[in-house]
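Below you'll find the structure, written out as structure tokens, and then a few comments.
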2 protein chains.
Amino acid sequence: MITSQTECDKVTRLPDHEPHSAFAPHDHRACEARVLDQARDRLAANGARLTPVRQRTLEILLESHRAMGAYEVLDRLAAEGFGRQPPVAYRALEFLVEHGLAHRLQRLNAFAACLHPGHDHAPAFLICRDCDMLAELPAAPVRDALTDLAAESGFQVERVTIEALGLCPACAGAARP
Amino acid sequence: MITSQTECDKVTRLPDHEPHSAFAPHDHRACEARVLDQARDRLAANGARLTPVRQRTLEILLESHRAMGAYEVLDRLAAEGFGRQPPVAYRALEFLVEHGLAHRLQRLNAFAACLHPGHDHAPAFLICRDCDMLAELPAAPVRDALTDLAAESGFQVERVTIEALGLCPACAGAARP
DNA sequence: CTTATTCATGTTACATGATAACAAGTCAAA
DNA sequence: TTTGACTTGTTATCATGTAACATGAATAAG
Ligand SMILES: [Zn+2]
Ligand SMILES: [Zn+2]
Ligand SMILES: [Zn+2]
Ligand SMILES: [Zn+2]
């Protein structure tokens, strides 16, 4: 494990790194390219290799702001000539998660590309129950509230999972016009 | 679905309902009996039936302050003469969750008895990575922090999962003497 | 350059988690 | 007492996740 739970969270104030929420309309090509670049930098810094399967896995995750199941990823990889057995996908996904390039969504048993891989972070997730879109949120305030509460009973928090299910702006608007 | 996300959270200030954290040493027999009683009351109020499988499932969950996998519960049920097929356990567990008598732990793919079933609530969970013990925490402050953050991007939060992994007081003490 | 070592990729086989669909039994209201 | 809702059980199948092992590629020593 290389990433740390300590989150930067300055990221939301740096337009270059986090220009908008995933929910806001945006140039997604640029979004993909930017993340891929940052990912490459980060791996180089860590001395880890972005091999073809790994890169392709990241690209597949990056195609949309949605979480994908491991088998969905595997089907894509297999169709492109990579191995067709589960460990192929799980290993690539695990690698990406370990290096902070993807997140695992516990509620969904699924994975999603990290949108600001330049920073170690443990974000909160907003998952739209209607369109499956996903956004990362700087979780520091939320996490701190939890860590404080836990400390009252002597519990030492190490890793936190914060996932919200609900309606994204678009779907909320469509439901109630 | 009968339970609501709206949490009472007054519960921690009512010694009768939440005398102590699950981590603190306590008379667990009394703990079990109290929860079982409250569960009965609640089901009666809802017009739902606590059938033998359901009661036994709840009792099994209540034996420890740990989360149990569905198949672990199933093995126990089967050994006591109930059905030995997965739906037997999943249905009982689903019933308990629907009526606010048990929680599902997303990180663990497991279930745990609710410790204060007298109130609708969506607590945060503290999970000890060493001894697997589990505690419920009133999550209102944490949840509110998240709901506010989400609102800034126009997202409407409906359900929230908050689970922390770390060390309980006992295990933290043992690790660093 | 060659060999040793590590890391990456692929496989098979299996373990664990979850649900669909159907049959039979139970219970209470009409 | 019959109806209809609910409960329990089954079989069968799907979904998710790993262990263990063999082969191949990249890197590091020698
Ligand atoms: Zn984008
Ligand atoms: Zn949506
Ligand atoms: Zn107890
Ligand atoms: Zn512990």
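Computed from a predicted structure; not experimentally measured. Numbered from 1 within each chain, the chains take letters A, B, ... in sequence-line order.
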State which of [options] makes the closest approach to the side chain of [X].
X	options	answer
B:V88	C:dG10, D:dT10, C:dT11	D:dT10
A:T51	C:dA8, C:dT12, D:dT11	C:dA8
A:Q85	D:dG9, C:dT9, C:dT12	C:dT12
B:A70	C:dA20, C:dA18, D:dT8	C:dA18

Distance check needed: [N] [atom2] versus [X] [atom1], whole Å only.
X	N	atom1	atom2	answer
A:Q106	D:dG17	CD	P	9 Å
A:L108	C:dA18	CG	P	14 Å
B:L77	D:dT8	CG	P	11 Å
A:L93	D:dT16	CG	P	12 Å
A:D75	D:dC14	CG	C1'	14 Å
A:L105	D:dT16	CG	P	13 Å
A:R91	D:dA19	CZ	C1'	11 Å
B:Q55	D:dT8	CD	P	12 Å

With a cut-off of less than 4.0 Å, is there a side-chain N or O of [X] near OP1 or OP2 of [N]?
X	N	value
A:Y90	D:dG17	yes
B:R49	C:dA28	no
B:R104	C:dA18	yes
B:R54	D:dT8	yes
A:N109	C:dG17	no

- request: Please state whether the base of C:dA18 and the side chain of B:Y71 form at least one donor-acceptor pair under 3.5 Å?
  value: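 Pair found.
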
Which of parallel (below 30°), tilted (30 to 60°) and perpendicular (above 60°) describes B:H103 and B:H121?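 It falls in the perpendicular class, over 60°.
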
Q: Using a strict 4.0 Å threshold on nitrogen-to-oxygen distance, state whether A:R76 and A:E63 make a salt bridge.
A: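 Yes, this pair counts.
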
### Query
Do NZ/NE/NH1/NH2 and the carboxylate oxygens of B:E94 and B:R91 come within less than 4.0 Å?
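B:R91 and B:E94: not salt-bridged.
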
Please say whether the positively charged group of A:R104, taken as NZ for Lys or CZ for Arg, lies over the ring of A:F111, i.e. under 6.0 angstrom from the six-membered ring centre and within 45 degrees of the axis.
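Pair A:R104/A:F111 does not count as cation-pi.
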
- Query: Want to settle it: does A:G83 or A:F95 sit nearer the 5' end of DNA chain C, counting the closest nucleotide to each?
  - Reply: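 First, find each residue's nearest nucleotide; the 5'-ward one identifies A:F95.
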
- Could you walk me through whether B:R66 and B:E72 pass the salt bridge (Lys or Arg N to Asp or Glu O under 4.0 Å) test, one step at a time? CA-CA 12 Å; B:R66 286 174 44 239; B:E72 199 179 346; 3.5 Å; yes

When you match B:A48 and B:P86 each to their closest nucleotide on DNA chain D, which lands nearer the 5' end?
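Nearer the 5' end of the strand: B:A48.
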
